Structure formats: structure tokens, C-alpha cells
Colleague: 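I have a structure here, written as C-alpha cells, and I will follow up with some questions on it.
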Amino acid sequence: TGATQKGISADKVLCGGIVGELYGSGVIAHCMNYASISNGNLSKNEGGAIGHGGIAGEIGYNSPGAPLLYYCVNAGEVNGDSVVGGVCGRIVGGSDDLYLNIQYCANFGKVICNQKKSFPDESGGCGGIFGDCGHPGILVAGCANHGEIKANAYLQGVGGIGGVLGYDPGGAHERHNGVVIGCANT
């Protein structure tokens, strides 16, 4: 808790202002990122769901516990290829009865997605709080995006809070994939 970072660039790896990748039941709390986060070689843009986030590049979880991300703020620009979020780039894992929580977080930085072409079987999302969450069990509450979001046409979704929320191939699951409540995009 209480970490601050400045200036991070990575090529083809998960990249975050505080952590690149968090799995399990960890907690990221009361952190602030001022750094610019970028894909180290944007000219290559070879695709792939590589997460870039102001606080975490990717968060993953499964039993017995889920990570908790709360009271974190990103003020740096986040610039990546296909899965980019002001707070968290990509969220993976989860189950019907296990919720990852992102609460009371904010983004003030510019979020830029630079995917230059379409890649089969790959989603891409760009959002003020998270870029892509294609798995069940997420609660996003009390978060706000105040940063500009810039994306191109090759992404699956772009949004003020989340780029892509939920994934239900062929209607296999008769349940919701996530909850976004009490959030704002200005």
C-alpha cells in the first residue's frame, strides 16, 4: 500500500504503474501512479491481449480468494495495444461465487489503445477503469473516470468505465458476468 511510480515502458509484457500482474487473493490499496505507461514498441503492434494499466497490467483470480483493488488513483497516461485501462488493463479468471472487487478507484490520465489491425479470436478493450473483463465475478463500485479515452476501430469495446465486460460464448451461462454500480465518467 502507499506506492508511487514514475515512467514505465514495456514491450509484449503485462505492464502496470504499481504491479504488472497480480494473481490470487492479494490486495492493492491506497496507491497512486503518476507515471506514463506504454508499450515499448508501438510500431510493431503485433496484437495479443497484453494488459496495460495505470495501477495493474493484469489481475487474475481463482479459488480460494479474490484480489481486492481499492482507493487507487492513476494520473499518468496509459498507452498500449489492445487491452488498456486507466486503473487495470485486463481481468482474468473468476467464478460465479467469487468476486474480484475494484472499489473507489479513479483515473485522471489519458487512456490510448493503438491496435492497428484486427486479430482473429482476440478481444480488445479500452476503458477508464478497466480495459477487458471477460470472466464472471467482478464488482466495480464507486469508481470514476476523468481522463480522455482514445481508441481505434479494431477493438471489441470502448467505455468510460470498462471496455469489455462479460463473455458468454453461445449462451452457455445463464447468469450475469459482472456488476458496475455507483460509477461515473466525466
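Because the structure is a prediction, the values reported are computed rather than measured.
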Colleague: Is any side-chain heavy atom of V73 closer than 4.5 Å to a side-chain heavy atom of F108?
Modeller: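 Of all side-chain heavy-atom pairs linking F108 with V73, at least one is under 4.5 Å.
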Colleague: Quick one: pull up NE2 in H52 and CG in L14 and give me the separation to the nearest 0.5 Å.
Modeller: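 With rounding to 0.5 Å, NE2 (H52) is 8.0 Å from CG (L14).
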Colleague: Evaluate the side chain to side chain contact (heavy atoms under 4.5 Å, CB included) criterion for residues I149 and C126: first the C-alpha distance (whole Å), next the side-chain angles of each, then the deciding distance (0.1 Å), finally the verdict.
Modeller: CA-CA 8 Å; I149 299 171; C126 185; 3.7 Å; yes
Colleague: Once you round to the nearest 0.5 Å, how far does CG of L22 lie from CG of L69?
Modeller: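 That separation rounds to 8.5 Å.
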Colleague: Side chain to side chain contact (heavy atoms under 4.5 Å, CB included), that's the test. Do I28 and C72 meet it? Break it down for me.
Modeller: CA-CA 8 Å; I28 302 173; C72 292; 3.9 Å; yes
Colleague: Under 3.5 Å, side chain of N74 to main-chain N/O of G76, donor-acceptor pair present?
Modeller: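 Yes: the side chain of N74 pairs with the backbone of G76.
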Colleague: Please round to the nearest 0.5 Å and tell me the distance separating atom CG of L100 and atom CG of L68.
Modeller: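 That separation rounds to 8.0 Å.
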Colleague: So, for C183 and I161, which heavy atoms are closest and what is the spacing to 0.1 Å?
Modeller: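 Taking every non-hydrogen atom into account, CB-CD1, 3.8 Å.
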Colleague: Kindly indicate, with the supporting measurements, whether the criterion side chain to side chain contact (heavy atoms under 4.5 Å, CB included) is fulfilled by N79 and S36.
Modeller: CA-CA 8 Å; N79 192 337; S36 61; over 6 Å; no
Colleague: Can any side-chain N or O of N33 pair as donor or acceptor with the backbone N or O of G54 at less than 3.5 Å?
Modeller: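 Present.
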Colleague: Among I102, V140, V164, which one satisfies side chain to side chain contact (heavy atoms under 4.5 Å, CB included) with I91?
Modeller: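 Checked I102, V140, V164 against I91; only one passes side chain to side chain contact (heavy atoms under 4.5 Å, CB included): I102.
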Colleague: Using a distance-only test with no angle check, is there a side-chain donor-acceptor pair under 3.5 angstrom linking N145 and N107?
Modeller: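 Side-chain D/A pair, N145 to N107: present.
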Colleague: Before you tell me yes or no, could you show the steps for Y23 and I59 under side chain to side chain contact (heavy atoms under 4.5 Å, CB included), namely the whole-Å CA-CA distance, both residues' side-chain angles and the distance that decides it to 0.1 Å?
Modeller: CA-CA 6 Å; Y23 272 85; I59 297 175; over 6 Å; no
Colleague: With rounding to the nearest 0.5 angstrom, report the SG to CD distance, C88 to E58.
Modeller: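 The SG atom of C88 sits 8.0 Å away from the CD atom of E58.
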Colleague: Taking the six-membered ring where the residue is Trp, are the ring centres of Y104 and Y71 under 6.0 Å apart?
Modeller: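 For Y104 and Y71, the ring centres are under 6.0 Å apart.
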Colleague: Can you hop from I37 to I112 via hydrophobic side chains spaced under 4.5 Å?
Modeller: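 Hydrophobic grouping puts I37 apart from I112.
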Colleague: Give me the one residue out of I138, L165, L139 that meets side chain to side chain contact (heavy atoms under 4.5 Å, CB included) with V179.
Modeller: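 It is L139, the one option of I138, L165, L139 that forms the side chain to side chain contact (heavy atoms under 4.5 Å, CB included) with V179.
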Colleague: Using 0.5 Å steps for rounding, measure from the CZ atom of F130 to the CZ atom of R90.
Modeller: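 Going from CZ on F130 over to CZ on R90, the span is 13.5 Å.
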